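Report on one structure; see the data block that follows.
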Amino acid sequence: MQKFQLYINGQFEDGAAQFDSINPATGQVWAKMPEARTEQVNRAVQAAEKAFYASDWSALTASQRGKLLYKLADLIEKAAPRLAELETLDTGKIIRETSSQIAYVAEYYRYYAGLADKLEGSVVPVDKPDMQAWLIREPVGVVAAIVPWNSQLFLSAVKVGPALAAGCTIVLKASEEAPAPLLEFAKLIDEAGFPAGVVNIVTGFGAECGAVLSGHPAIAHVAFTGGPETAQHIVKNTANNLAKVSLELGGKSPFIVFADANLDSALNAQVAAIFAATGQSCVAGSRLLIEASIKDEFLRKLAERVQSIRVGLPEDMQTEYGPLCTLKQRQKIQQVVDASIVQGATLITGGNTPEGKGYYYPPTILDCSQTPQADSITTELFGPVLSVDVFYDETEAIQKANSTPYGLASGVFTNNLTRAHRMTKAIRAGIVWLNTYRAVSPLVPFGGYGLSGHGREGGIAAVLDYTTTKSVWLRTSDQPIDDPFVMR
Ligand code: NAD
């Protein structure tokens, strides 16, 4: 049985309690995880606060911070096979995806490393002849980063990387569902040589560990990725510390296919959009909106293509489709699928929980064109369920695309250039993928509209988000200040 530890103030330590972590491919406990309770969370925040104000960290130049991040990136690249193995064991996500994704995580740290010494202030051409004014860009303070169980190295990189590049310190909370990859990552932070307290990594349950962390008075910014309900708790909780909050939440993203599209390409992209990562992806293209004239042919080919997906053990490099992360998640999905069928949706493929060990659930397609308000088309399932609806013209496609309170991602497949531009403008979502899906890069901002959250991760603005500006005024006149009762 493997055992993991918390990382607080540069030291590894056991949790106040332990909890089991389950391998979703077998349903068996495979590791003991440390649970951080209030005292340890408070200590982690205090360590980050001390490191921010009075440590070797604040004395480092921005270029030196960048060098530490480059070193961390190299260590991640070297450790990628081990980290991928752990993520696969703990989450059930296939090794084929975790290994390539984690190797790419190193590129995220390199991107932020390069930005660390490019965060310049500015001189303001102030409208007063005897004054000069300039802005100094400063790190915002102690950051609380809270992440969900999926893609934790990736989702934490887009918080830890820019926060450290900006000069902040951080307490990172790994999800209780699968904390192994981040607790292992703590060893790389240690090896890279960050001063004690700059990065602290804890895990535990949301109601205590997450709530104490996000509401702590010393926290200046809460960077959260997870579900909208948790986000609401966090926003209420930050009424105490008035921390800045950035939110990356769920979605119900439309995947829109016009009859003029390259349909073979759209077909494979739709498979990627909803069945990669067994559908457990915030950007999952879970609503197929298809032009009515091509619906039957597209669905027939899609159902055929789905039959050839290789389901198997997540640690096998040949496997394309593994289990869900938790039993709870599988039960929720089954309930929504059953309810949607009762509401009038037609099951095209999948839809039944299989016998056997592990939390497997088959790729599922529901035709909801006769019942566009079915639960499966309105609820974020975070699983491998594609709900299909039709449209007859562009206006209807736009209306249906925008018919949810979410707005994270969208895909549009068309070979009509002017239509692609019109659709891009009309869709209310943070990402529009045209003739592609699920492309990400550290250079391109990522984030949502509406219930999908706010704030952007990736791109230069992501680092600026962890900074604030200080306005400095200098009076250049040698004459004494005259009238004290007028504003200067
Ligand atoms: P979740 O919201 O249940 O948990 C996320 C994290 O919040 C966990 O670490 C949890 O312990 C913590 N938490 C729970 N209650 C808390 C509280 N009261 N205070 C502070 N922290 C608390 O999410 P999940 O089930 O782990 O992940 C699935 C969700 O995450 C889906 O909605 C998915 O779309 C979303 N997600 C979004 C993105 C994105 O970038 N937009 C990426 C991945 C996942």
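In listed order, ligands and their atoms are each counted from 1. These numbers come from a predicted model, not from an experiment.
Taking the six-membered ring for Trp and the full ring otherwise, the centers of Phe19 and Phe205 sit less than 6.0 Å from each other.
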Close N/O pairs between ligand 1 and protein, under 3.5 Å:
from: ligand 1; atom 1: 2 (O); to: Gly227; atom 2: N; distance (Å): 2.9
from: ligand 1; atom 1: 2 (O); to: Thr230; atom 2: OG1; distance (Å): 2.6
from: ligand 1; atom 1: 9 (O); to: Val147; atom 2: O; distance (Å): 2.8
from: ligand 1; atom 1: 9 (O); to: Lys173; atom 2: NZ; distance (Å): 3.0
from: ligand 1; atom 1: 11 (O); to: Lys173; atom 2: NZ; distance (Å): 2.8
from: ligand 1; atom 1: 11 (O); to: Glu176; atom 2: OE1; distance (Å): 2.6
from: ligand 1; atom 1: 11 (O); to: Glu176; atom 2: OE2; distance (Å): 3.4
from: ligand 1; atom 1: 30 (O); to: Gly226; atom 2: O; distance (Å): 3.4
from: ligand 1; atom 1: 32 (O); to: Glu380; atom 2: OE1; distance (Å): 2.8
from: ligand 1; atom 1: 34 (O); to: Glu380; atom 2: OE2; distance (Å): 2.6
from: ligand 1; atom 1: 41 (N); to: Leu249; atom 2: N; distance (Å): 3.3
from: ligand 1; atom 1: 41 (N); to: Leu249; atom 2: O; distance (Å): 2.7

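Scored by the side-chain contact (heavy atoms from CB on, under 4.5 Å) test, Val158 finds Tyr108, Tyr112, Glu457 as partners (sequence neighbours excluded). Legend: residues meeting ring pair (Phe, Tyr, Trp, His ring centres under 6.0 Å) with Phe382, ordered by chain and number and at least two apart, are Trp149.
For residues 424-439, every residue pair satisfying the salt bridge (charged side-chain N to carboxylate O under 4.0 Å, His left out) rule, not counting sequence neighbours, is listed here: Glu97-Arg438.
No more than 12 heavy atoms of other residues, nucleotides or ligands shown are found within 6.0 angstrom of CD1 on Ile460.
At least one donor-acceptor pair under 3.5 Å links the side chain of Gln334 to the backbone N or O of Thr353.
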